[in-house]
Amino acid sequence: MKTSWRNASLVAGAAAVLVLTTACGQEGGTSSVGSQNVGATAAAGGYGGVGSGIGTGTSPSASSTVGGGQGNLGAQSASAGKLEVSANAELGDVLTDSAGLSLYRFDEDTAEPPKSNCDGDCATAWPPVPANDASAGAGIDKALLGEVTRADGSKQLTIGGWPAYRYAKDTKAGDLTGQGVGGKWYALAPTGKKASVASLPGLSTRNDPKLGEIVVDKNGMTVYRFAKDKAWPEPVSNCLGACLEKWPVVAPVSANDTKDVQKKGLMSFTRSDGAKQQTVNCSPIYTFAADKQPGDTNGQGVGGTWYAVRPNGEMVGVSDK
């Protein structure tokens with residue numbers, strides 16, 4: 001019996017090693033970073049600068065073109081019509097006008113009492129939504145709709161007291177390129193609050209307009225790899241101490257709590273500091289403290305060593321040799 005038990009243990013141990021090397025031996029951790037800095041994001045400037053946005057939403061009418069460039073400004077100044085609720089994978093429920101254009105709020109405005117502080121060039125980049133003819137569609141409390149008199153005497157739609165705007169660079173239904181611009185502009189939820197992250201799996205993917213399909217965490221935040229880490233023969237993180245203040249580790253995630261992320265090499269490990277950390281294809285993953293909103297990719301290419309992650313664990317814009 002003892003001999004059989006020992007033999008079984010040896011077989012199990014060998015199988016475990018084989019699984020680990022098969023899962024984690026696919027690439028060396030110290031990748032050759034002949035690095036192409038794909039989509040490194042500059043800080044959004046002012047009211048007119050384009051933020052990271054989150055691309056196109058999931059509105060059923062998202063393919064219908066509203067117009068682009070200066071030609072879009074006429075559509076932007078049109079009445080809102082019947083307001084609608086559009087489901088977005090990153091932000092949850094987002095308020096749109098009857099044409100499917102996303103509506104936004106401005107942090108420098110006030111809701112109690114309602115007041116717009118976006119005039120002049122600001123109002124060109126962020127056209128105020130006229131209050132006339134706006135009505136509440138399904139899922140929207142009509143009691144939350146109101147109006148505020150702007151400095152020029154026109155009436156602007158308010159939602160829960162917050163003045164509502166469109167973004168001139170949103171060119172088609174479902175676009176959310178204004179999300180997070182300047183750290184002050186955010187998509188409106190049907191309640192008038194900032195649209196909040198939808199319930200997401202522990203790890204999933206999204207299609208970034210610049211980077212393509214990348215991995216995000218349960219909060220919709222972009223996930224990154226550190227080129228100085230190792231994946232073979234077992235995961236090793238070389239982001240320690242003060243590094244972790246800027247690059248928090250992603251906590252372990254159950255394989256059943258993931259979507260569209262490669263299952264092979266999807267595992268957690270114990271770091272040298274004793275903490276547990278998640279990997280994708282055995283490579284340790286992190287978020288970036290300077291990413292403030294879902295859809296931000298400010299960590300892409302930082303220091304020539306930090307990169308967003310593909311669903312198969314590869315670093316975006318880096319050739320692993």
Side-chain angles (χ1 to χ4, degrees), residues 37-57 76 88-96 101-112 114-129 148 156 158-171 174-198 200 206 208-211 214 216-224 245-248 286-303 306 308:
N37 190 348
V38 179
T41 307
Y47 52 74
V50 178
S52 52
I54 60 173
T56 301
Q76 294 278 10
N88 180 274
E90 282 82 24
L91 293 180
D93 288 342
V94 173
L95 196 63
T96 73
L101 287 171
S102 302
L103 302 188
Y104 299 88
R105 51 176 275 183
F106 185 33
D107 275 358
E108 292 188 7
D109 288 349
T110 59
E112 297 180 359
K115 186 178 187 304
S116 169
N117 288 305
C118 177
D119 297 294
D121 289 342
C122 176
T124 300
W126 300 91
V129 179
V148 62
Q156 181 176 1
T158 62
I159 309 295
W162 287 98
Y165 305 82
R166 301 181 181 98
Y167 187 38
K169 293 185 179 180
D170 282 352
T171 60
D175 277 358
L176 278 161
T177 60
Q179 174 67 13
V181 166
K184 298 178 180 180
W185 291 91
Y186 299 97
L188 270 165
T191 58
K193 296 181 179 180
K194 296 176 185 178
S196 59
V197 178
L200 296 174
R206 71 174 178 84
D208 183 85
K210 292 183 179 179
L211 305 182
I214 57 175
V216 297
D217 71 1
K218 64 182 179 180
N219 297 314
M221 303 303 290
T222 303
V223 163
Y224 299 90
E245 296 177 9
K246 293 182 178 180
W247 303 94
Y286 311 77
T287 54
F288 185 36
D291 284 349
K292 301 302 182 183
Q293 297 291 325
D296 284 356
T297 55
N298 298 312
Q300 175 65 12
V302 167
W306 291 92

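In this chain, residues are counted from 1 in sequence order.
Across P248 and A289, no two heavy atoms sit closer than the pair CD-N, 4.1 Å. Contact detail for P127 and A168: the closest heavy-atom pair is CD-N, 4.0 Å. Smallest separation of non-hydrogen atoms from W162 and D109: CZ3-O, 3.3 Å. The minimum heavy-atom distance linking A111 with G160 is given by the pair CB-O, 3.9 Å.
Counting only heavy atoms from C-beta outward, the side chains of T297 and I214 approach each other to under 4.5 Å. Side-chain contact between P294 and M221: present, with at least one pair of heavy atoms (C-beta onward) separated by less than 4.5 Å. The side-chain heavy atoms of T222 and R206, taken from C-beta on, include a pair separated by under 4.5 Å. Contact of the W126 side chain with the V181 side chain is registered, since non-hydrogen atoms from C-beta on lie closer than 4.5 Å. V148 places a side-chain heavy atom less than 4.5 Å from the side chain of T158.
Of the possible donor and acceptor atoms, none in the side chain of Y104 sits under 3.5 Å from a partner among the backbone N and O of A164. The main-chain N or O of N219 is found under 3.5 Å from a side-chain atom of D217 such that the two form a donor-acceptor pair. Put simply, the side chain of D291 gets close to the backbone of N298: a donor and an acceptor are under 3.5 Å apart. In this structure, Q293 contributes its side chain and G180 its backbone to no donor-acceptor pair below 3.5 Å.
To the nearest 0.5 Å, the span separating CH2 on W306 from CD on Q300 amounts to 12.5 Å. Annotation: the span from T96 atom OG1 to D175 atom CG amounts to 12.0 Å, rounded to 0.5 Å. The CG atom of D170 lies 3.5 Å from the OG1 atom of T177; values are rounded to the nearest 0.5 Å. Interatomic distance, K193 NZ to D93 CG, rounded to the nearest 0.5 Å: 13.5 Å. Rounding to the nearest 0.5 Å gives a distance of 8.0 Å between CD of Q156 and SG of C118. Interatomic distance, K184 NZ to N117 CG, rounded to the nearest 0.5 Å: 10.5 Å.
Every residue two or more places apart in sequence or in another chain that forms a side-chain contact (heavy atoms from CB on, under 4.5 Å) with T110 is listed here: K115. The side-chain contact (heavy atoms from CB on, under 4.5 Å) test applied to V94 returns N88, L91, S102, L176, A187, A195, not counting sequence neighbours. With sequence neighbours left out, Y224 forms a ring-ring contact (aromatic ring centres under 6.0 Å, His included) with W247. Among residues two or more places apart in sequence or in another chain, the side chain to side chain donor-acceptor pair (under 3.5 Å) test is passed with S116 by R150, Y165.
Of the listed residues (Y186, Y167, W185), just one forms a ring-ring contact (aromatic ring centres under 6.0 Å, His included) with F106, and that residue is W185.
Around the NZ atom of K194, the shell of radius 6.0 Å holds more than 12 heavy atoms that belong to other residues, nucleotides or ligands.
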